[in-house]
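These numbers come from the heavy atoms of this one structure, side chains and all, not from hydrogens, waters or symmetry mates. We count ligands from 1, going down the list as the structure has it; atoms in each ligand are counted the same way. What you see is a predicted model, and the numbers here were worked out from it, not measured in a lab.
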Amino acid sequence: MTRVLVAYGTTRGGTEGVARMIGDDLREHGHEAVVRPAAEVHGVADVDAVVVVGALYAGRWHKDARRFVHRHERELSQRPVWLVATGPLDGSAATEQIAPVGHVRAAAHRIGARGTQTFGGRLLADATGFPASAMAKSSAGDWRDAEQIARWVGMLEAHLTS
Ligand SMILES: Cc1cc2nc3c(=O)[nH]c(=O)nc-3n(C[C@H](O)[C@H](O)[C@H](O)COP(=O)(O)O)c2cc1C
């Protein structure tokens, strides 16, 4: 059985939901999945593969995801890793392959990640804080697509079982 860590960086909980969907899908494929906040993970030596999921804010990957990759760069470069962003508040991530933001692409290159992926995000209508509350007036909604996420996890299979 492959043991996979799904580490996430979230501000408003939407990305934790994506991480949990990925964890559930991995379990359906017979893997052991450990889903944790990236800031609380102190080592990756005991897992075979890692998925790092971070929210996008103002064009940047969540700091907990960035710091996690930085902290564990050497160990991450020795196992299969995927870097995932959640963000777009429209249907674009479900219909097109969205290019990773610059530092996700750079981090993927440094650690030899197997892939990067962007999924749709979520913004609740009652989001607090500026500018989230202002954005929520026009862009509130949930664009996290469980079927798209399940298909993507299915594509990891070849790497996890080889
Ligand atoms: C202030 C703010 C800035 C955002 N900036 C971006 C962005 O640059 N790119 C993007 O794709 N999504 C952006 N989003 C959408 C968030 O990435 C999306 O809501 C995400 O699901 C939030 O994750 P969280 O709930 O885990 O914090 C932004 C949302 C807010 C509230």
Colleague: Who's the nearest protein heavy-atom neighbour of atom 6 (C) of ligand 1, and how far?
Modeller: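 Nearest protein contact, heavy atoms only, for atom 6 (C) of ligand 1 is Leu56 O, 3.4 Å.
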Colleague: Between ligand 1 and Pro88, is the shortest N or O to N or O distance under 3.5 Å?
Modeller: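 N/O-N/O distance below 3.5 Å exists for this pair.
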Colleague: As a quick check of understanding, evaluate side-chain hydrogen bond (donor to acceptor under 3.5 Å, both in side chains) for His62 and Thr11, giving each step before the final call.
Modeller: CA-CA 8 Å; His62 198 280; Thr11 298; 3.1 Å; yes
Colleague: Should the proximity of Pro131 to ligand 1, defined as any heavy atom under 4.0 Å, be assigned to the side chain, the backbone, both, or neither?
Modeller: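 For Pro131, only side-chain atoms sit under 4.0 Å from ligand 1.
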Colleague: Pick one: which of Thr86, Thr10, Val6 meets side-chain contact (heavy atoms from CB on, under 4.5 Å) with Val18?
Modeller: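 Testing each of Thr86, Thr10, Val6 against Val18, the sole residue satisfying side-chain contact (heavy atoms from CB on, under 4.5 Å) is Thr86.
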Colleague: Checking a contact table here: which protein heavy atom is nearest atom 8 (O) of ligand 1, and how many Å away?
Modeller: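 That would be Gly59 N, 2.7 Å.
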Colleague: Would you check the N or O atoms of Thr11, main chain and side chain alike, for any that come under 3.5 Å of an N or O of ligand 1?
Modeller: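 There is such a contact, yes.
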Colleague: For Leu89, which part has a heavy atom under 4.0 Å from ligand 1: side chain, backbone, both, or neither?
Modeller: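 The answer is the side chain.
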Colleague: Any idea which atoms of ligand 1 are less than 4.0 Å away from a heavy-atom of Gly14?
Modeller: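 The atoms of ligand 1 under 4.0 Å from a heavy atom of Gly14 are 24 (P), 25 (O), 26 (O).
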Colleague: May I ask you to check whether over 12 heavy atoms, not counting those of Glu96, lie within 6.0 Å of atom CD?
Modeller: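 Yes, the 6.0 Å shell around CD holds more than 12 heavy atoms from other groups.
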Colleague: May I ask you to identify the nearest protein heavy atom to atom 29 (C) of ligand 1, giving residue, atom name and distance to one decimal place in Å?
Modeller: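 Answer for atom 29 (C) of ligand 1: Met135 CE, 3.6 Å.
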Colleague: For a side-chain contact (heavy atoms from CB on, under 4.5 Å) with His31, tell me which candidate from His29, Glu28, Arg27 qualifies.
Modeller: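 Running side-chain contact (heavy atoms from CB on, under 4.5 Å) over His29, Glu28, Arg27 with His31 returns exactly one hit, His29.
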Colleague: In the protein, what heavy atom is nearest to atom 22 (C) of ligand 1, and what distance, to one decimal place, separates them?
Modeller: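 Scanning the protein heavy atoms, the shortest distance from atom 22 (C) of ligand 1 goes to Tyr57 OH, 3.5 Å.
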Colleague: Is it the case that ligand 1 has an N or O less than 3.5 angstrom from some N or O of Ala58?
Modeller: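 Among all N and O atoms of Ala58, at least one is under 3.5 Å from an N or O of ligand 1.
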Colleague: Between Trp143 and Phe119, does a ring-ring contact (aromatic ring centres under 6.0 Å, His included) hold up when you go through it step by step?
Modeller: CA-CA 8 Å; Trp143 283 270; Phe119 290 125; over 10 Å; no
Colleague: Quick one: nearest non-hydrogen protein atom to atom 15 (C) of ligand 1, plus distance?
Modeller: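 Ranking protein heavy atoms by distance from atom 15 (C) of ligand 1, first comes Gly87 O, 3.3 Å.
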Colleague: With clusters defined by side-chain heavy atoms of hydrophobic residues (ILVMFWY) lying less than 4.5 Å apart, directly or transitively, does Val35 cluster with Val47?
Modeller: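 In one cluster: no.
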Colleague: Do any N/O atoms on Glu16 end up under 3.5 angstrom from N/O atoms on ligand 1?
Modeller: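 No - when backbone and side-chain N and O of Glu16 are compared with those of ligand 1, no distance drops under 3.5 Å.
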